[in-house]
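Heads up: the structure comes next, in structure tokens.
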Amino acid sequence: MREIKVGVIGAGVVGSSVIKILQENQELISNRIGARLIPTKAVVKDLTKKRDINIALSDDINFILEDESIEIVIELMGGVEQAFEVAKKVLEKNKSLVTANKAMLAYHRYDLQKIKKNHPIGFEASVCGGIPIIKALKDGLAANHILSLRGILNGTSNYILTQMIQNAMSFDDALKQAQILGYAEADPTLDIDGSDAGHKLLILASLAYGIDAKPQDIIIEGIEKINASDIAFANEFGFVIKLLGIAKKIDNEIELRVHPVLIDKDKMIAKVDGVMNGISVVGDRVGETLYYGAGAGGDATASAVISDLIEIARGKNSAMLGFEKSDNSLKLRDKGKIQSRYYIRLSAYDKTGVLAKISSILSKNNISIQAFLQKQAKDGIAKLLFTTHISQESSIHNALSEIDSQDFIESKSFFIRIDE
Ligand code: HSE
């Protein structure tokens, strides 16, 4: 049986799982593909760290790059520019590349495709861990125009929100727990400020629409400002709070955004809890399809990495992102054009005329209030919580910046879009 040697760069939670699964399930995998995938070498940053893996180790990247017998290199080192340099070297050496690095792909996916067209570059593990969403978009749904894609793309923030909503856990405790469980990024800011979900959405948008957007081009907001008042309000009005990545085709424009949403408790995606991820993709021919599974964690992500090794071993090569942006008439939609209902939280000194002034600013900006809750003032400060009817994003920004400049405002306003 043919032997395919594999090198692993980065043997942390995911890398160690990849090595173990390849070793422990070798028979099963070989039977499925008719070739043996053999992990022979791994490169790590810190050789003194104790690791529960059985493989030759080095801290020199050339240990793998200069080894001509290694056909496939798995990049699991994380980071952006340094990882891109390594990926380029892998391709220059004419080796196949498998990466789980969504941050690097968010910036350099088109660069990689340009360097080596129709060369095996696998990135299934970069989006939603164990869910085969890349292959679903590249293969299963390839006959369709993708009308929309909406998903819970970050397991850590979903885990934190679930703990806050269901167990009244504090944000900090829930984050610590997610780190202990190995869900969070090395820098967990990327999970909670929405960046990680943003990176994943951009990768999916390239497959679905051929859009070469970068993180700075789209709305990316995280969960760090959500507090117990927001959760209680959502609960009272029949919502839960989720961090969603949303891609929508509107004529020839594509709306891309990542932010928390208030979402109807009864919707399917509202029931995707804990570290699980869930994605709904609507195609013009197939209708709605739904994907659910573990979005983080060593074994789930390793399962996706190995699916790329298997695809490469079977000899299925095609352009990494499916098609070239130059053929594409779809354009990124302007951020201000978003229309939504909004939940707004204000914190104001409890004085006469405050409500009148707020409603006059809202009505001047064509914003109509749908539901309203004023919590009894504590220490002279009142919490005003309300939802709006459908409004224009730019009007919400204008109104809130005028409200925030009033002297009765105690701390900056906060809003969450309501998912329809
Ligand atoms: N930190 C990521 C998450 C891991 O929580 O979803 C998977 O990309």
Side-chain angles (χ1 to χ4, degrees), residues 10-18 74-80 83 98-107 109 122-135 137 149-164 169 171-207 215 220-224 226 241-246 258-260 269 272-279 291-308:
V13 177
V14 177
S16 302
S17 285
V18 168
I74 307 172
E75 182 275 306
L76 300 168
M77 58 192 277
V80 177
V98 172
T99 178
N101 189 336
K102 51 259 154 133
M104 187 262 284
L105 292 174
Y107 292 94
R109 58 201 184 283
F123 54 107
E124 182 62 69
S126 66
V127 182
C128 291
I131 305 176
I133 186 66
I134 302 287
K135 288 181 182 67
L137 284 170
L149 189 155
R150 293 161 72 260
I152 293 175
L153 307 178
N154 181 268
T156 300
S157 51
N158 202 39
Y159 179 84
I160 294 172
L161 288 173
T162 305
Q163 292 298 344
M164 289 171 77
M169 201 185 263
F171 185 99
D172 290 342
D173 286 349
L175 172 58
K176 263 185 227 141
Q177 198 62 36
Q179 286 177 291
I180 291 168
L181 291 166
Y183 303 152
E185 296 301 296
D187 172 6
T189 322
L190 295 172
D191 294 299
I192 60 180
D193 73 0
S195 302
D196 178 77
H199 297 154
K200 293 167 180 167
L201 182 71
L202 291 170
I203 295 169
L204 296 180
S206 285
L207 294 171
I220 298 182
E221 294 165 9
I223 61 166
E224 62 275 62
I226 293 167
I241 303 178
K242 293 285 180 196
L243 182 75
L244 279 196
I246 299 169
V258 170
H259 51 71
I269 211 148
V272 174
D273 286 329
V275 72
M276 302 310 270
N277 285 185
I279 313 168
Y291 307 84
Y292 172 84
D299 279 0
T301 311
S303 157
V305 168
I306 294 171
S307 79
D308 282 338

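Residues take their numbers from the sequence shown, with the count starting at 1. In listed order, ligands and their atoms are each counted from 1. Reckoned from all heavy atoms, side chains included, excluding hydrogens, waters and symmetry mates.
- Residues meeting the side-chain contact (heavy atoms from CB on, under 4.5 Å) test with A174, sequence neighbours left out: I160, Q163, M169.
- Evaluation of the ring pair (Phe, Tyr, Trp, His ring centres under 6.0 Å) rule for F123 yields no partner, not counting sequence neighbours.
- Judged by distance alone, with hydrogens and angles left aside, the side-chain atoms of N158 form a donor-acceptor pair with the main-chain N or O of M276 at under 3.5 Å.
- For ligand 1, the protein residues placed under 4.0 Å by at least one non-hydrogen atom are K102, N154, G155, T156, Y183, A184, E185, D191, D196, K200, G295, A296.
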Identify each donor-acceptor pair in which a side-chain atom of residues 299-306 lies under 3.5 Å from a protein atom, sequence neighbours left out, and give them as a table.
residue : atom : partner : partner atom : Å
D299    : OD1  : S17     : OG           : 2.9
T301    : OG1  : G297    : O            : 2.8

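- The only option from V98, V14, N101, T99 that meets the side-chain contact (heavy atoms from CB on, under 4.5 Å) definition with L76 turns out to be V14.
- The backbone N or O of L190 sits nowhere less than 3.5 Å from a side-chain atom of D196 that would complete a donor-acceptor pair.
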